[in-house]
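Letters A, B, ... mirror the listed sequences (proteins, then strands); counts begin at 1.
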Amino acid sequence: MTFGKGSHLHLIDGSSYIFRAYHALPPLTRKSDGLPIGAVAGFCNMLWSELQADHGDDAPTHLACVFDFSSQTFRNDLYAEYKANRPEMPEDLRVQLPLVREATRAFNVPSLELENYEADDIIATLTRRAVKAGGRVTIISSDKDLMQLVGNGVEMFDAMKNRRIGVEDVIKKFGVPPEKVVDVQALAGDSVDNIPGAPGIGIKTAALLINEFGDLESLLARAAEIPQPKRRQTLIEHADQIRLSRQLVLLDDSVDLPWTLDELELRRPDPDVLLDFLTRMEFRSLTRRVAQALGVEAPVTPETPSKAAPPESGAPQPPAEPDQPKFDPGSYECVRDMERLQAWIDEIRDLGRVAIDTETTSLDEMRAELVGLSLCTAPGRACYVPLSHRAGGDDLFSADEPVAGQLDRDTVLQALRPVLEDDAILKIGQNVKYDWKILARHGIRMAPIDDTMLLSYAMHSGLHGHGMDTLSERYLGHAPIKIKELLGGGKSVITFDRVPIDKATRYAAEDADITWRLWQLFKPQLHVARVTTVYETMERPLVPVLAEMEMTGIRVDANALSRLSNMFSQKMAALEAEIHEIAGGPFNVGSPKQLGEILFDRMGVEGGTRGKTGAYGTGADVLEDIAANPELGPAAELAARVLDWRQLSKLKSTYTDALQAHIDPDTGRVHTSYVIAGANTGRLASTDPNLQNIPVRSEEGRRIREAFVAGPGMRLVSLDYSQIELRVLAHVADIPQLKQAFRDGIDIHAMTASEVFGVPIEGMDPMIRRQAKAINFGVIYGISAFGLARNLRIPRAEAQAFIDRYFERFPGIRAYMDQTVEFARKHGYVQTLFGRKIHTPEINAKGPRAGFAQRAAINAPIQGAAADIIRRAMIRMPEAIADLPARMLLQVHDELLFEVEERAVDALIERARKVMENAPLPAVKLDVPLVVDAGQGANWAEAH
DNA sequence: TGCGTCACG
DNA sequence: GACGTACGTGACGCAC
């Protein structure tokens with residue numbers, strides 16, 4: 001039906017529904033996992049009542065629910081302080097917002113929200129259109145800001161008080177008819193929304209004035225006529241502020257909306273979708289009521305026994321709840337026929353979740369072959385499905401034959417596929433990225449997923465590692481079977497497919513069992529530790545993104561590496577000969593111990609210092625000092641050559657040689673693995689091989705980057721954040737000069753030099769700038785005079801003088817550092833802008849460890865926030881570039897590397913840059929702009 | 001296995 | 001006054 005005369009649009013103000021629901025109900029949590037769910041429950045009840053209500057003549061023909069996209073809107077550009085004094089949304093409400101939107105869709109009600117606009121603007125625009133088309137509108141809200149829309153066939157409805165609000169009610173409240181409400185609001189201001197208005201004038205006075213002068217502009221124009229001196233002066237003095245206030249309260253009714261009125265026609269909910277959602281939320285009585293009203297049978301909500309012990313925020317939990325069954329390897333089932341498999345599948349479907357673990361022949365996901373998989377549906381209730389076990393190595397005749405009594409791999413995967421891909425069934429893993437990749441190689445994209453490793457990482461970063469063994473021992477009081485017991489050690493290691501099935505069953509099913517129990521323990525603690533948002537926005541969604549990147553890999557030119565390797569070998573041989581010549585005999589140049597003895601004992605160089613093993617230190621800094629001292633004669637020569645030799649040796653062993661071995665013969669590409677829960681600060685780590693430390697600083701090293709190439713017809717594109725950590729520092733420490741410099745696009749190191757050393761930025765001595773740059777880095781690292789002195793090779797007193805002057809110029813930095821350490825001492829953790837928590841257990845230690853802990857505490861929120869930002873960008877990237885012939889390949893802390901068809905290079909840069917620059921939004925609005933530099937080329941050296 | 005060294009941000 | 005220090009990683013070779 002086309003919207004027009006006789007149509008009646010109902011618009012639900014979703015945000016006010018949510019707040020009502022949240023505050024009206026006690027803090028309910030979902031029984032099975034402790035997810036906060038009260039606002040969702042209240043919202044669903046209210047929405048269902050609205051749908052069921054007998055509206056009589058006012059029954060809707062069209063319906064939509066409207067939400068605020070974020071707290072950032074165009075009004076913040078008009079007035080930065082707009083709604084600035086609103087208290088932050090409670091964590092346990094924020095995590096429910098996505099669920100409320102899901103609920104709206106489940107009820108088959110259009111869910112409308114638009115970036116940069118408030119829900120009220122969308123409501124205003126739809127209302128104007130509906131009236132213009134000849135229809136009527138009911139706005140379900142009691143928000144006074146919407147009262148300006150009332151009249152002309154538009155009413156409001158306060159659902160809580162079950163009361164209609166018409167023109168009379170608006171006049172009663174504001175003293176003026178709806179069309180003049182904004183004029184009154186502009187004068188009266190609003191402390192809740194932080195709208196200034198005219199000081200000293202409230203609604204009463206405002207209404208009086210507007211009624212007398214007709215409207216706001218006339219009032220301001222004739223303000224001089226007002227008899228009361230104080231009132232007159234206020235209006236004249238604050239005219240601009242009053243006009244701004246009017247702009248802020250005036251709803252934008254001409255928003256460019258991507259929806260038409262016709263699309264909002266009332267629809268019946270789909271019983272399957274709605275009941276599925278309500279069941280998952282575990283709303284028993286509402287599920288029953290809805291099922292009854294829709295005339296279908298109510299699904300059974302499974303009773304889940306889980307009730308986690310009351311956790312303390314972030315602290316390690318006491319092991320094993322007493323009412324959990326003990327670990328019993330004998331209790332695990334080995335699934336050998338399809339009937340039993342089907343029984344497990346049915347159970348998983350009923351339950352809606354499963355812990356899963358895959359067993360393979362290798363830790364390298366690109367090469368690993370699936371050997372079997374284990375499933376778990378309750379503590380102690382787990383099974384193992386062997387798929388391709390082979391006979392042990394003793395019997396040479398049958399060694400490669402599959403062992404009897406195993407189901408066919410592909411048959412099992414096809415049977416499990418609907419479960420693994422069902423978005424109503426949660427798949428729980430420990431380091432689930434590994435299993436995700438194994439299954440992806442069989443064409444299965446597992447979703448949705450939860451990961452106990454990442455749950456632990458979000459809650460316990462800095463306290464301990466997040467591997468299964470650590471977590472099991474710490475939180476379940478149970479030491480898992482060691483993989484070494486199955487596979488052996490040394491040169492007699494076997495692959496998992498050679499492990500006897502009975503042993504494999506005990507091991508594999510136990511892993512799934514442990515994963516289940518950890519999940520049951522961790523999941524409810526997440527919101528208590530106030531890291532649900534961290535987990536949901538920066539950990540869990542990263543899993544498939546990284547998995548795809550890793551599987552894509554990057555093309556590496558093996559021949560180029562091989563040529564480099566030979567070249568390095570020759571140069572090293574020549575250097576080695578010279579080194580032996582100077583030393584007066586052959587020795588192992590690669591041995592720091594032998595080198596130290598030659599330099600400091602045989603050649604008599606003074607000032608050698610021994611480390612804890614008794615060997616002389618021969619690090620690059622030591623050798624550089626010797627090489628730069630011509631008085632030492634041959635020793636200086638020797639040190640210089642060893643430095644060159646070392647550089648080549650490093651490049652050859654770690655890069656040109658090792659990297660070739662990492663090229664996958666199937667893809668011709670190198671596939672790294674990212675460790676999500678490796679670095680305490682939120683950074684990723686890259687292993688096997690590490691592609692985050694490919695050389696770039698030296699000329700020789702950059703040759704290695706040239707071997708990272710784009711495929712035929714493709715280009716590599718690199719985008720990196722410029723100075724992201726200093727920008728984060730400028731924001732969190734709130735340093736006016738730094739923020740202004742970034743806004744003005746000034747060279748930040750030159751600016752620092754200018755402030756600290758009092759020299760003009762124009763024509764600055766590069767050495768001065770270099771010193772300032774070192775200070776800037778030092779600040780991020782938790783500066784010390786000793787460290788700065790060593791870095792700059794200057795006396796410690798001089799370094800101390802630099803630092804003193806720096807803090808004099810930027811007192812906010814010192815304050816930030818002190819506050820951060822103080823916070824860590826008090827709470828035992830520090831926090832990033834995005835809520836990531838990093839624990840600092842050593843912060844109250846005595847001795848040198850305290851210094852370490854303090855510097856780490858100062859650094860963590862800065863490094864961590866930068867890590868959060870790029871994580872957010874990465875998670876949004878796949879969707880943002882989905883229509884481009886481009887793929888994201890690598891992340892190097894502040895850089896993303898893409899491979900893209902030549903014709904789409906510019907489009908990709910534009911798209912990816914936007915995602916990266918806006919990555920903090922809507923959670924955080926930085927006071928400084930983020931700048932992303934881009935480059936492109938046939939290889940990584942050119943692109944960078 | 002621990003240490004020293006050095007590649008990266 | 002002495003302690004010792006820049007932050008975060010991973011991989012390699014040597015020496016035990």
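Counting any heavy atom pair closer than 4.0 Å across all strands shown, A:G701 reaches no nucleic acid atom. Among the atoms of the strands shown, none is found under 4.0 Å from any heavy atom of A:A799. Residue contacts for A:F777: at a heavy-atom cut-off of 4.0 Å it reaches no nucleic acid atom on any strand shown. Within 4.0 Å of A:I862, counting heavy atoms only, lies no atom of the nucleic acid at all. Nucleic acid contact for A:S784: base, since at least one base atom lies under 4.0 Å from a heavy atom of the residue. Using a 4.0 Å heavy-atom distance criterion, A:G782 is classed as making no nucleic acid contact. A:A620 comes within 4.0 angstrom of the backbone, heavy atoms only, and of no base. Contact annotation for A:A860: no contact, since no heavy-atom pair falls under 4.0 Å across all strands. Across all strands, A:G778 comes closer than 4.0 Å to base atoms (heavy-atom distances).
Closest approach to the A:N690 side chain among C:dG8, C:dG10, C:dC14 is made by C:dG10 (side chain taken as heavy atoms from C-beta onward). Here the side chain of A:N791 is nearest to one of B:dT5, C:dA6, C:dT9, namely C:dA6. If you check C:dT5, C:dA6, B:dA7 against the side chain of A:R796, the one that comes closest is C:dT5. The side chain of A:P592 lies closest to B:dT5, out of B:dA7, B:dT5, C:dT5. Set against B:dA7, C:dG10, C:dC7, the side chain of A:Y655 has B:dA7 as its closest nucleotide. Of all nucleotides listed (C:dA6, B:dG9, B:dA7), C:dA6 comes nearest to the side chain of A:R790. Taking every side-chain heavy atom of A:N859 into account, C:dG8 is the closest of C:dT9, C:dG8, B:dG4. Side-chain proximity of A:K593 to C:dC16, C:dG4, B:dG9: nearest is C:dC16. Proximity note for A:R683 (side chain, C-beta onward) versus C:dG8, B:dC8, B:dT5: the nearest is C:dG8.
One finds no salt bridge joining A:R702 and A:E706 here, because no Lys/Arg side-chain nitrogen approaches an Asp/Glu carboxylate oxygen to under 4.0 Å. Ion pairing between a basic and an acidic side chain is recognised when a charged N comes within 4.0 Å of a carboxylate O; A:R836 and A:E539 show such pairing. Salt bridge A:K433/A:E550: present, at least one basic N to carboxylate O contact under 4.0 Å. Under 4.0 Å is where a charged nitrogen must lie from a carboxylate oxygen, and between A:D625 and A:R793 at least one such pair does. No salt bridge links A:K482 with A:D469; every basic N to acidic carboxylate O contact stays at or beyond 4.0 Å.
Summarising the geometry of A:S456 relative to A:L471, their closest heavy-atom pair is OG-CD2, 3.2 Å, with the distance given to 0.1 Å.
For A:M817 and C:dT5, the CE to P distance is 19 Å, given to the nearest whole Å. Atom CG in A:L788 sits about 21 Å away from atom P in C:dG4, given to the nearest Å. When the C1' atom of C:dT5 is taken as reference, atom CZ of A:F786 falls 7 Å away, rounded to whole Å. Rounded to whole angstrom, the span from the CZ atom of A:R610 across to the C1' atom of C:dA15 amounts to 16 Å. One interatomic measurement links the two molecules: CG of A:N588 to P of C:dC14, which rounds to 5 Å at whole-angstrom precision. We find that CG of A:L595 is positioned 11 Å from P of C:dA15, with the value rounded to whole Å. Taking atom CG of residue A:N680 and atom P of nucleotide B:dG9, one finds them 21 Å apart after rounding to whole Å. The CD atom of A:Q800 sits 13 Å away from the C1' atom of C:dA6 (whole-angstrom rounding).
Of the two residues contacting DNA chain C, namely A:Q594 and A:H662, the nearest-nucleotide position lying further toward the 5' end is that of A:H662.
Across the P atoms, C:dA6 and B:dC6 are found 15 Å apart, a figure rounded to whole Å. Using P as the reference atom, C:dG4 and B:dG4 are 15 Å apart when rounded to the nearest Å. Rounded to whole Å, the C1' atom of C:dC3 lies 31 Å from the corresponding atom of B:dA7.
With a 4.5 Å cut-off on side-chain heavy atoms, A:Q771 and A:I794 count as touching.
For C:dT9, the OP1/OP2 oxygens have no side-chain nitrogen or oxygen of A:T681 closer than 4.0 Å. An OP1 or OP2 oxygen of B:dA7 is reached within less than 4.0 angstrom by no side-chain nitrogen or oxygen of A:S698.
Taking the centre of each ring, A:Y457 and A:Y535 stay at or above the 6.0 Å mark.
Qualifying side chain to side chain contact (heavy atoms under 4.5 Å, CB included) partners for A:F852, counting only residues two or more places apart in sequence or in other chains: A:R855.
Side-chain N or O atoms of A:Q647 include none that pairs as donor or acceptor with a backbone N or O of A:L643 at under 3.5 Å. Judged by distance alone, the side chain of A:R727 and the main-chain N or O of A:V928 form no donor-acceptor pair under 3.5 Å.
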Pairs counted as Watson-Crick or G-U wobble with both distances under 3.5 Å: what dot-bracket string results for DNA chain C, using | for bases tied to another strand? ......|||||||||.
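Under the 6.0 Å distance and 45° angle rule, A:K837 counts as a cation-pi partner of A:Y829.
Listed in residue order, the members of residues 635-651 of chain A having a heavy atom less than 4.0 Å from DNA chain B are A:R646, A:Q647, A:K650.
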